[in-house]
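Some notes on the structure that comes next.
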There are 2 protein chains.
Amino acid sequence: MQKSRPKAITAAEFKLQKDSADIAPVPVLERSAAQRKVLDAALKLFSDVGYFNTSIPDIVRASKVSTGSIYHHFGDKTGIASALFEQITGDLQAALDDIEIAHITTGGRCRAIIELMFEITERSPATMEFMLYAKHKEFLPAHAPICSSAPMTRMRDFVALGIERGEIRVIDPTIAAALIYGPAIRLLQLRLDGIIERPLFELLDELWDSSWRSLRAKAG
Amino acid sequence: MQKSRPKAITAAEFKLQKDSADIAPVPVLERSAAQRKVLDAALKLFSDVGYFNTSIPDIVRASKVSTGSIYHHFGDKTGIASALFEQITGDLQAALDDIEIAHITTGGRCRAIIELMFEITERSPATMEFMLYAKHKEFLPAHAPICSSAPMTRMRDFVALGIERGEIRVIDPTIAAALIYGPAIRLLQLRLDGIIERPLFELLDELWDSSWRSLRAKAG
DNA sequence: TATTATAGAACGAATGTTCATTCTAGAAAT
DNA sequence: ATTTCTAGAATGAACATTCGTTCTATAATA
């Protein structure tokens with residue numbers, strides 16, 4: 001059901017895709033240096049003090065890009081958040097593509113997804129914070145909630161496929177997905193909040209053994 | 001380590017408690033009708049459109065309490081959020097007290113906690129949203145993050161005790177807590193986001209069987 | 001009991017600030 | 001030479017908060 005990530009496409013192809021309803025009209029993400037500076041500064045500020053506590057003058061100061069340029073590139077303040085959202089979910093989609101190719105088994109895929117989430121959390125906490133905590137509906141009314149974003153549904157699809165294939169025992173797929181990803185997400189939230197002080201990688205093996213044990217089919 | 005909830009106490013007793021450092025100086029929560037109207041309206045607005053999209057005039061309109069009265073009772077806008085936070089965590093503490101008394105086993109306690117979270121989600125989604133999603137650090141800089149709030153640490157303590165008692169197999173307590181509560185919290189988020197359309201209660205048994213299976217000690 | 005004093009609560013118009021956005025003009029790029 | 005980009009001052013609306021006042025109810029006084 002899920003199409004693979006669109007690669008670089010021409011304008012004509014893009015238009016074509018827009019007409020067929022099942023492909024999200026995500027344009028190719030090519031950012032100028034100024035755009036990147038703005039997005040970097042905004043991500044950091046949004047994560048540190050929150051979207052609503054971040055003013056455009058703050059972003060101007062932090063990014064060293066002028067007000068006029070920011071509005072030229074992003075239209076308005078929500079445009080910045082929107083661009084960040086698309087950047088991050090796009091990157092995530094790409095990473096999920098790689099995982100789908102690199103791992104055949106459901107167990108391998110799910111473990112790799114958890115590893116990916118841990119890695120993003122450690123390497124760029126602000127990115128993970130933006131994905132998890134940003135109340136997108138508060139400043140991105142146009143976007144669907146993060147839970148129903150492409151990467152999230154993709155993660156659930158992997159689990160559902162695992163049940164079909166008999167790799168996961170028969171169980172409500174929603175519950176199965178929650179059992180697999182829920183504990184990992186919980187740990188990563190605790191890590192972001194500073195409750196967990198060790199790098200998440202140190203917890204991965206023990207977490208995975210327990211999570212997967214409760215779900216894999218007996219006759220594996 | 002954890003003291004039980006303070007019952008109604010006299011002023012003298014309260015002062016005494018304040019001097020001993022290990023009891024939080026939470027005053028008895030007695031709210032006037034006006035205060036309750038404000039808190040009800042604010043909770044609904046905060047949950048519907050977010051704290052920063054809610055103006056004081058909005059709260060005045062919704063609660064039918066005047067600007068002046070609101071400032072008289074709550075000091076400033078963060079005071080409203082703060083009062084909500086204390087109300088909700090206080091109620092939660094009380095419910096956890098009841099659970100601790102009503103259930104002896106760790107399994108029973110954890111299951112009851114999940115049931116409680118589900119029940120709050122169904123009965124008052126706004127309350128659960130405020131607890132989960134409210135980026136408290138953005139508008140309640142004085143409060144610790146929700147993860148390290150009293151009810152959350154309490155929930156972890158139950159799990160840690162279960163390991164000591166041998167009811168849960170030997171495993172990192174942080175991971176154990178994530179395995180128990182993580183999936184439930186995940187489901188409840190999906191329910192709040194409208195992804196799950198059935199009442200959570202219908203998922204409880206299947207969820208619990210799987211969660212607990214991965215954690216209970218072999219020699220139960 | 002009748003009158004006055006006091007204090008807390010309620011009110012909402014007025015204030016001053018912040019902030020997103022616009023505007024005008026000039027610099028680069030194509 | 002036309003379009004794209006950059007710049008930052010100017011604008012105006014929205015907002016949290018303040019303040020002077022009025023209401024209500026209980027307490028003090030006579």
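Chain letters run A, B, ... following the sequence lines, proteins first and then strands; every chain starts at 1.
Taking 4.5 Å as the limit, every side-chain heavy atom of Y181(B) sits out of range of all side-chain heavy atoms of P183(A).
The interatomic distance linking I56(B) (CD1) with dT17(D) (P) rounds to 7 Å, in whole Å. If you take NE2 of H72(B) and P of dT18(D), they are 14 Å apart, rounded to a whole angstrom. If you measure from atom NE2 of H73(B) to atom C1' of dT17(D), you get 17 Å, rounded to the nearest angstrom. Atom-to-atom, CD1 of I59(B) to P of dT17(D) comes out at 11 Å; the value is rounded to the nearest Å. Atom CD1 in I70(B) sits roughly 14 Å away from atom P in dT18(D) (whole-Å rounding).
Rounding to the nearest 0.5 angstrom, the gap separating the CD atom in E122(B) from the CE atom in M117(B) is 13.0 Å.
Annotation for V159(A) and P173(A): closest pair CG1-O, 4.3 Å, computed over non-hydrogen atoms.
In this structure, S55(B) reaches the sugar-phosphate backbone alone: every heavy-atom distance under 4.0 Å involves primed, P, OP1 or OP2 atoms, never a base. Among the atoms of the strands shown, none is found under 4.0 Å from any heavy atom of T78(A).
A distance-only check finds a donor-acceptor pair linking the side chain of D58(B) to the backbone of S55(B) [under 3.5 Å].
Remark: K77(A) qualifies as a cation-pi partner of Y51(A) under the 6.0 Å distance and 45° angle criteria applied to the six-membered ring.
Note that the first and last nucleotides of DNA chain C, 5' to 3', having any atom under 4.0 angstrom from a heavy atom of chain B are dA9(C) to dG12(C).
Nearest-nucleotide positions on DNA chain C for G75(A) and N53(A) put N53(A) closer to the 5' end.
Looking at D48(A) and K44(A), a side-chain N of the basic residue comes within less than 4.0 Å of a carboxylate O on the acidic one, giving a salt bridge.
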